[in-house]
Amino acid sequence: MPARAGLSPLLFGGTIFSSSFLLFLVQPLIAKQILPWFGGSAAVWTVCMVFFQVVLLAGYAYADGVARWLAPRAQAMLHAGVLVVSLASLPIVASARWKPADESDPTGWILGLLVATIGLPYFVLSTTGPLLQAWLARAPWAARVYRYFSLSNFASLLALLAYPVVIETTLPLRLQALGWSAAYVAFVLLCLGSAFVASRLAARSPAGTQALAALPAEPPRVGPGTQWLWLALPALGSWLLLAETNHITQHVASIPFLWILPLSTYLLTFILCFESDRWYRRRVFLPLAVVALLVGAFGLVDHIGTAVKTAVPLYVGTLFVLCMALHGETARLRPPTSQLTRFYLMLSAGGALGGIVVGLVAPQVLRGYYELGIGFVLTAAAAAIVLRSRRIGVAAGSVVALVCAGFLAQQVGFDRKGARRLERNFYGTLQTFDRLTGPPREHQRILWHGSVKHGEQYLDASRRREPTAYYGITSGIGRVLTHLPPTPARIGLVGLGAGTLATYGRTGDVYRIYEIDPQVFEIARSEFTFLADSQAALEDVVGDARLALEREPPQRFDVLAIDAFSGGSIPMHLLTIQAIQVYMKHLQPGGVLAFHLTNRFLDLPPVLLLNARELGLHAVLAHDEAEDSDLRRTDWVLVSRDAARLAQPWIAEVAVPAHPIRGLRPWTDDFNDLLRVLK
C-alpha cells in the first residue's frame, strides 16, 4: 500500500505534465500544417489563437462543472468516456478536403478544420490540469495541489523551447503529427490510470460520494470581489505578454524567434508563483513593479524603447517584474480546494480576455500599437485596487497610472505629428512620413511596415520615377527588368510595398501585382506615384500570392518577382519546393523567377539555391553592394530553366557564391529549418 501511495503523485504529476506539454506542442504543429493553405497571414494565426483560447476556456468550464456537480466516481467514468472517444480524432493530420477552393474569407474553414482535426483532443488536454487537481484535493498530499499548476507551466515552457529548437529542425511535419498522436495515446492511458486511482481515493474518503463543492471542513469560500480579481489579474498578464511581444517584434526588431523570450518569461512567472510562496515577495516586487511601469512607459516615447540593445532587455525585464506581481497576487488569492476549479476557470477566462482584446479588438480600434501603454495604465490601476486597504498603496497606484497615461498621450501625439498616414489592421501598422533633410533633391517619402522599411520615393518631380532602395538598376531585379527584349512583357510582382518596381513598366507591358494586405494598395496609390507614373498596364490581385497562383491558369510571365522576405516573419510557404513548382507553372520557358532575399537576420539565398538545384533549375545569387549611391545593398536570387539567360554579362558581373550552410536540407511544405539559417 505505501508503494502504491508513493506512485500516485507520480502518476498524477506525469499526467498533468504530459497534458500541458502536448497542449503547447500541438499549437505550432497544427498551425504550421494549415499555413500554406490559408496564406500564412497574421489573420490565420489570430484565428488559431482565438480557437485555442476558446477551447481552453471550454475545457476549464467542463472541469469546473464536472467537479462541482458530479460525485467523484461519476466524474471518473464520464471523463474516461471522453478520453476514449477523443482517440477517434487521431492522427491529427489535416485533411485536404479543408483546403479552400476560392478567395472568400477563410475564417469558417480554418475553424472547421481545427475542430475536426484537433478539437476533441485539445479540449481533453485543456480539462486535465484543473480536473486532476480537483481529484488530488482528496488525496493525502492535497496541501501541495497548487504546485501541480506550476508543473503544468513548466511542461508548457519545455514544449515551447523544444519545438523550434529540436522537433521542427529534425522531423518533417507529417512525422511530427504522427509522433504527437502516439504521445497522445500514452497520455490517455496515463489519464485513465489517474481517473481509476482518483475514484479509489474518493471511495476511501468520508466524502467519497459527494461532489467537490460539497466537501466539508473547508475554509470560508472566497467572495465575488476576489473572484473578479482572479479574472482581472491574469487578463492583465496576458495583455502585457501580447502587447510587449507586438512592441518588440514590430517596433524594435523583426527577428525570428524573438517572440520566444517574452512567452518564456511569462510562463516562468507562473512556474515560480505557483511552485511555492517563497518566490513572490510583495515588499520586493511591488516597488520593482513601480519602476518597471515608469521606465517601460517612458520607453514608448524615448529611443531606449526602440533600440535593440536597450529595448529587448528593458521590455523582457519589465514583463518579468509585472507578471511576477500580477501572478504572485493571483497566487496569494488562491481559494480553498472547494473552489479550485472555479479559480482555474476564472484564470483561464482572464487569459482569453486579455488575448482577445489585444489580438482581435486592438487592431480594429487603435491606429497604432498603443495597447502596451494602455496595459501599463491598467496594471497601475489594478495595483491601487489590490492595495485598496492601504492608503499609500492606492495613492501610489493612482499616481503611477496617471504618469503612464501621460507617456501614452505623448506616444500618440508623436505618432500623429510625424506621420502622414498611420494605418493598422491584422497585418500590422503602415506608416508613411517625409524625410526632409538635406537639399530638396534628396527629400523622400518613406513607407514603414512596423520596423521594416517597405519603400521610399524621391519627392522631387525630376526624380520621382527613379527606382530606389532595394530596386535600383544595379540590383538583381533591376538588371533583369532593364534588359528585357523590346517586345511587350508580362511581369508578376508578389509584394507591392510602395510600388517601386512598377517604375520599370513600359508601354505595352502588363504588371500583375499580388498583395495580401489591401491597405497597401490604397497607400501605394495615395501616398506614392510609382503606380500612377508607370507606363505599364496594372492588374491588382488581393490575397495570398501562392493561393492565387495555384488557382489561376498559367500567366506566362517573363519575370515573376517574389518580394516578401525582408522582415522577420518569413512566409515560408512562399519559399518551398512546392511553391517554386507553382511559380514555374506561370513562367515562360525562358522566364526568370526573382526572389528578393535581403534580410538582416536570415541567410536565405542558400535555401533557394538548394531548392532550385533539387528541381533541376538554374539559379544565381546576384549581390549588389550599391557602392557610391543612395541604393541599398541587396541580395536577389534569380532562377530560370534557361542557363544562358542567367549567364548574361549584366547578371554575371554581380553573381556571387552563396555562403554554405552545413546540414541544410531542401525546404518543403512538410519541412523547413528557420533556426539553421539565422545569421
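This chain uses plain numbering: 1 for the first residue, then up along the sequence.
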Evaluate L113 against F51 for side chain to side chain contact (heavy atoms under 4.5 Å, CB included), listing each step before the verdict. CA-CA 11 Å; L113 184 155; F51 171 83; over 6 Å; no

Mind checking the [atom1]-[atom2] spacing from [X] to [Y]? Nearest 0.5 Å is all I need.
X: C273; Y: R332; atom1: SG; atom2: CZ; result: 11.0 Å
X: M346; Y: D64; atom1: CE; atom2: CG; result: 10.0 Å
X: F154; Y: Y148; atom1: CZ; atom2: OH; result: 15.0 Å
X: C404; Y: I374; atom1: SG; atom2: CD1; result: 12.0 Å
X: T269; Y: M324; atom1: OG1; atom2: CE; result: 7.0 Å
X: D670; Y: Q33; atom1: CG; atom2: CD; result: 8.5 Å

Hey, is the main chain of [Y] close enough, under 3.5 Å, to the side chain of [X] for a donor-acceptor pair?
X: S18; Y: T15; value: yes
X: S156; Y: S152; value: yes
X: S20; Y: F17; value: no
X: Q133; Y: G129; value: yes
X: S348; Y: Y344; value: no

Quick check: closest heavy atoms across [X] and [Y], and the distance to 0.1 Å?
X: Q227; Y: Q339; value: NE2-NE2, 3.4 Å
X: V358; Y: A243; value: CG1-N, 4.0 Å
X: A401; Y: A381; value: CB-N, 4.2 Å
X: L151; Y: G13; value: CD2-O, 3.4 Å
X: C48; Y: A31; value: SG-CB, 4.3 Å
X: Y163; Y: L173; value: OH-CD1, 4.1 Å

Run Y60 and T341 through side chain to side chain contact (heavy atoms under 4.5 Å, CB included) and show every step you take. CA-CA 7 Å; Y60 277 48; T341 54; over 6 Å; no

For residues 234-242, which side-chain N or O atoms pair as donor and acceptor with protein atoms under 3.5 Å away, sequence neighbours left out?
unit_1 : atom_1 : unit_2 : atom_2 : d
S238   : OG     : G351   : O      : 2.9
S238   : OG     : G355   : N      : 3.3
W239   : NE1    : E371   : O      : 2.8

Between F123 and Y62 (judged by ring centroids, cut-off 6.0 Å), do the two rings come close enough to count as a pair? yes

Under 6.0 Å between ring centres: does that hold for F274 and H327?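 Here the rings of H327 and F274 have centres that are no less than 6.0 Å from each other.
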
Heavy atoms from other residues, nucleotides or ligands near CH2 of W98 exceed 12 (cutoff 6.0 Å):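 For W98, atom CH2 is crowded (more than 12 foreign heavy atoms under 6.0 Å).
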
Side-chain touch [X]/[Y], heavy atoms, less than 4.5 angstrom:
X: Y184; Y: S89; answer: no
X: L29; Y: I92; answer: yes
X: V197; Y: W135; answer: no
X: L57; Y: L345; answer: yes
X: I30; Y: W180; answer: no
X: L190; Y: L11; answer: yes
X: V291; Y: P287; answer: no
X: L372; Y: N246; answer: no

Under the side chain to side chain contact (heavy atoms under 4.5 Å, CB included) criterion, do V84 and V188 qualify, and how do the steps go? CA-CA 8 Å; V84 172; V188 167; 5.5 Å; no

Before giving the answer on side chain to side chain contact (heavy atoms under 4.5 Å, CB included), spell out for Y146 and F343 the whole-Å C-alpha distance, their side-chain angles and the decisive distance to 0.1 Å. CA-CA 11 Å; Y146 281 105; F343 173 67; 3.8 Å; yes

Pair listing, ring pair (Phe, Tyr, Trp, His ring centres under 6.0 Å) test, anchored in residues 369-389, at least two apart: H251-Y369

So the side-chain hydrogen bond (donor to acceptor under 3.5 Å, both in side chains) pairs with at least one residue in residues 377-396 (sequence neighbours excluded) are none

